[in-house]
Engineer: 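Take this structure, written in structure tokens, and hold onto it; I'll ask about it next.
Owing to the predicted nature of the structure, the values given are computational and were not obtained by experimental measurement.
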Amino acid sequence: QLQASGGGLVQAGGSLTLSCAPSGRTFSGYAMGWFRQAPGKEREFVAGIDYTGRSKSYADSVKGRFAISRDGAEDTVHLQMNGLKLEDSAVYYCARGRYSLVYTNAESYDVWGQGTLVTVSS
């Protein structure tokens, strides 16, 4: 229902941009979020953006390196990831919020994408 793309293999210090597009649903009026899950770990919040695109929230581990944005005209959400570290390796999921404002818990999101794999190598 959400199509996430842009994952891949990148060297530490490199950059990737993830994108998320709706499939049969719209993002309009809803907050959007990116989560990630590494092997053996729980899914964790990475970044979120409110329905206006003006309010954003980031996990402490990615602040200053990642940037979330949304394109209302194309109804897409992006996650620009710079300065990638080995510990950023994970499957990244985009999700549509239940509400218009950003929350960091997964329970506040009700529509999820299939995930895109990001692997950071040394």
Engineer: Measuring only between side-chain heavy atoms, which start at C-beta, is R36 closer than 4.5 Å to R43?
Structural biologist: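 No, too far: nothing below the 4.5 Å cut-off.
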Engineer: Spell out, yes or no, whether Y103 and Y93 are grouped together once hydrophobic residues are joined by side-chain heavy atoms under 4.5 Å, including indirect joins.
Structural biologist: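 Y103 and Y93: separate clusters.
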Engineer: Measure the acute angle between the ring planes of F35 and Y109, then classify it against the limits of 30° and 60° as parallel, tilted or perpendicular.
Structural biologist: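 Judged by the thresholds at 30° and 60°, the geometry between F35 and Y109 is perpendicular.
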Engineer: With clusters defined by side-chain heavy atoms of hydrophobic residues (ILVMFWY) lying less than 4.5 Å apart, directly or transitively, does V62 cluster with L86?
Structural biologist: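 Yes, one cluster joins them.
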Engineer: So do the side chains of S15 and M81 get within less than 4.5 Å of each other, counting heavy atoms only?
Structural biologist: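 A side-chain contact under 4.5 Å is absent here.
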Engineer: So do L84 and F66 actually touch side chain to side chain, heavy atoms under 4.5 Å?
Structural biologist: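 Yes, side chains in contact.
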Engineer: Determine the minimum heavy-atom distance between K41 and Q37, stating which atoms define it.
Structural biologist: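 Closest approach of K41 to Q37: O-NE2, 3.1 Å.
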Engineer: Any heavy-atom pair between the side chains of K85 and R65 that's under 4.5 Å?
Structural biologist: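 Yes, close enough: below the 4.5 Å cut-off.
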Engineer: Is any side-chain heavy atom of Y51 closer than 4.5 Å to a side-chain heavy atom of S28?
Structural biologist: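 Y51 vs S28: side chains apart.
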Engineer: Ignoring hydrogens and geometry beyond distance, is a side-chain donor-acceptor pair present between H78 and S19 at under 3.5 Å?
Structural biologist: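 There is such a pair (donor and acceptor under 3.5 Å, judged by atom type) between the side chains of H78 and S19.
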Engineer: Verify the neighbour count for atom CD of E42: are there more than 12 heavy atoms of other residues, nucleotides or ligands below 6.0 Å?
Structural biologist: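 Atom CD in E42 is not crowded, with 12 or fewer foreign heavy atoms closer than 6.0 Å.
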Engineer: Distance from I68 atom CD1 to W34 atom CH2, nearest 0.5 Å?
Structural biologist: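 With rounding to 0.5 Å, CD1 (I68) is 8.0 Å from CH2 (W34).
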Engineer: Assess whether a salt bridge exists between K56 and D50, defined as any Lys/Arg side-chain N lying under 4.0 Å from an Asp/Glu carboxylate O.
Structural biologist: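 Answer for the salt bridge query: no.
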Engineer: Calculate, to the nearest 0.5 Å, the distance between atoms CD and OG1 belonging to E44 and T104 respectively.
Structural biologist: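 With rounding to 0.5 Å, CD (E44) is 11.5 Å from OG1 (T104).
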Engineer: Using a 4.5 Å cut-off on heavy atoms from C-beta on, say whether the side chain of L79 contacts that of T17.
Structural biologist: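 Result no, sub-4.5 Å side-chain heavy-atom pair not found.
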Engineer: Which donor-acceptor pairs under 3.5 Å do side chains of residues 113-122 form with protein atoms, sequence neighbours excluded?
Structural biologist:
residue : atom : partner : partner atom : Å
Q114    : NE2  : A4      : O            : 3.2
T116    : OG1  : G7      : N            : 3.1

Engineer: Answer yes or no: is there a side-chain heavy-atom contact under 4.5 Å between W112 and C94?
Structural biologist: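 No. Closest side-chain heavy atoms not under 4.5 Å.
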Engineer: Listed by chain and number, what are the side chain to side chain contact (heavy atoms under 4.5 Å, CB included) partners of A31, not counting sequence neighbours?
Structural biologist: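 Applying side chain to side chain contact (heavy atoms under 4.5 Å, CB included) to A31 gives V102.
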Engineer: What is the minimum heavy-atom distance between L2 and F27, and which atoms define it?
Structural biologist: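 Closest pair (atom of L2, atom of F27, distance): CD2-CE2, 3.1 Å.
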Engineer: Roughly how far apart are D71 CG and C20 SG, rounded to 0.5 Å?
Structural biologist: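 If we round to the nearest 0.5 Å, D71:CG and C20:SG are 12.5 Å apart.
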Engineer: Around Y30, counting heavy atoms of other residues, nucleotides and ligands shown, do more than 12 lie under 6.0 Å from its OH?
Structural biologist: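 Open: at most 12 neighbouring heavy atoms sit under 6.0 Å from OH of Y30.
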Engineer: Say whether V91 and L18 are linked into one hydrophobic cluster, either directly or through other cluster members, by side-chain heavy-atom distances under 4.5 angstrom.
Structural biologist: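 No.
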Engineer: Mind checking whether V46 and L16 sit in one hydrophobic cluster, side chains of I, L, V, M, F, W, Y counted as touching below 4.5 Å?
Structural biologist: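 V46 and L16: one cluster.
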